[in-house]
There are 2 protein chains.
Amino acid sequence: MPRIGAEPIRKAALINATIFEIGRAGSLNVTVAQIARRAGMSPALAHHYFGSKEQMFLSAMRYILRNYGRSVSETLPGRGQRGRLNAIVRASFAPQNFQRETVSAWVNFYALALINPEARRLLRVYHRRLRSNLVIALRPLSDDPGRVAETVGALIDGVYLRAVLIPGGVDAQAAEKLILDYLDEALT
Amino acid sequence: MPRIGAEPIRKAALINATIFEIGRAGSLNVTVAQIARRAGMSPALAHHYFGSKEQMFLSAMRYILRNYGRSVSETLPGRGQRGRLNAIVRASFAPQNFQRETVSAWVNFYALALINPEARRLLRVYHRRLRSNLVIALRPLSDDPGRVAETVGALIDGVYLRAVLIPGGVDAQAAEKLILDYLDEALT
DNA sequence: TGTTCTTGATTGGTCGATCAATTAAAGATA
DNA sequence: TATCTTTAATTGATCGACCAATCAAGAACA
């Protein structure tokens, strides 16, 4: 059984399973055993690789945030002016970032950030980066880029939060439009 | 000890303690024993009055939402036109609704709504009522009251969400201004 | 007396974490 | 090649702690 070089594969499997299980349960109340079983290994092995459940959660959160950050910066280059702005907003509602499990995990990570300093730090890094991206894109378009960036950031989070509560799936189209419409009227 | 007619007093104490402990812990992972101790009674008595921990949580959530709804409708009458709108927004950031413990509990109730149908129902009622209030106030001011109401709703939630993550307390003033500024530019 | 209030004690169950033991690959030695 | 050594991978079993919920019984009031 033991193939050498299993660590990165196992860790990746565990991170995926963590996000999936948290999303599925809609809560951080998932057991290490559940996650490990989903990832096809024993609970002991999960502990072996991550040391603790907390570290698994934080790694999963890092993964989500890194993914989001990547999908933002990937869609950035090119597209002058307003195009950059639209790209940032659109990335937030791209299928990979806006799937029910992911958004559900996202909400729970916000709750985790209330009690875990490292989780809070990660979230603040994401906030800063998003804000910075928005400000740069807004600079040539608005006379108060800071305020508009803040508003868009809050709007994205708010729309995410409400999206998971809608029973019949999530309408990324409508969510995206709400924010783009705001930008239309904010950028006179 | 046993005074007659203790039930409503005990229940109120437990609901307060529930919100306080959830806010303090920043998580729904509070024990019935913690809550009961905070409310000055034994865990068994808490079960006696509420039947289960879940019912305690739901009652606490109802209490928060009722409180919020009341503080909105109290500030409503009078003030023609734009005044009603400002009042609704201002109520969201009134001290009683925007204290750290309350907002922290609020975020966790959102997470609870992901897994508990009754919690989800309560939250949807709050969404509908807020939206309805906003639409009525917006009707004479905007040619698309529905969209603006949706945006303000998401904005309030987003600002709440971000407020709890700021280390040095919450700036209700700034939060309020962000939303009022949005309204200024949305209502040409 | 009967009803309401109240709690200590207990039960049944869950879960994170640890550890000793097993398996197998990689590398060294001769 | 055959054998030994080292190291990584993996798990079953178990420990210790925590906790929601129940119950029987006591205490105070009408």
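Letters go in sequence order (proteins before strands), and every chain restarts at 1.
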For atom [atom1] of [X] and atom [atom2] of [N], their distance in whole Å:
X       : N      : atom1 : atom2 : value
B/Met41 : C/dG8  : CE    : P     : 13 Å
A/Leu14 : D/dA9  : CG    : C1'   : 13 Å
B/Ile35 : D/dC19 : CD1   : C1'   : 12 Å
A/Leu45 : D/dT10 : CG    : C1'   : 6 Å
A/Ile9  : D/dT10 : CD1   : P     : 9 Å
A/Glu7  : D/dA8  : CD    : P     : 10 Å

Kindly indicate, with the supporting measurements, whether the criterion side chain to side chain donor-acceptor pair (under 3.5 Å) is fulfilled by B/Asn116 and B/Glu54. CA-CA 9 Å; B/Asn116 188 303; B/Glu54 188 184 4; 2.6 Å; yes
Using a 4.0 Å cut-off on protein heavy atoms (strictly under), produce a 5'-to-3' string for nucleotides 12-18 of chain C with B for base contact, S for backbone-only sugar-phosphate contact, and - for none. ---SSBB
Looking for any heavy atom pair under 4.0 Å, which part of the strands does B/Phe50 touch: base, sugar-phosphate only, or nothing?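 If one applies the 4.0 Å heavy-atom cut-off, B/Phe50 turns out to touch nothing in the nucleic acid.
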Pair A/Lys177 + A/Asp184: basic N to acidic O under 4.0 Å: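 Here A/Lys177 does not pair with A/Asp184 in a salt bridge, since their nearest N and O are not under 4.0 Å apart.
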Considering only NZ, NE, NH1 and NH2 on the basic side and carboxylate oxygens on the acidic side, decide whether B/Glu21 and B/Arg24 come within less than 4.0 Å.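 Salt bridge present between B/Glu21 and B/Arg24.
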Is any side-chain N or O of A/Tyr49 closer than 4.0 Å to OP1 or OP2 of D/dT10?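 For D/dT10, OP1/OP2 do have a side-chain N/O of A/Tyr49 under 4.0 Å.
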Compare side-chain N and O positions of B/Arg10 against OP1 and OP2 of C/dT6 and report whether any pair is under 4.0 Å apart.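 Yes, such a contact exists.
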Between A/Tyr160 and A/Phe93, does the ring centroid distance fall short of 6.0 Å?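 Centroid separation for A/Tyr160 and A/Phe93: below 6.0 Å.
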Quick one: does A/Ser104's side chain have a donor or acceptor within less than 3.5 Å of a partner on A/Arg100's backbone?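 Checking the backbone N and O of A/Arg100 against the side chain of A/Ser104, no donor-acceptor pair under 3.5 Å is found.
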Which residues satisfy the ring pair (Phe, Tyr, Trp, His ring centres under 6.0 Å) test with B/Tyr49, sequence neighbours excluded?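 Result, ring pair (Phe, Tyr, Trp, His ring centres under 6.0 Å) vs B/Tyr49: none returned.
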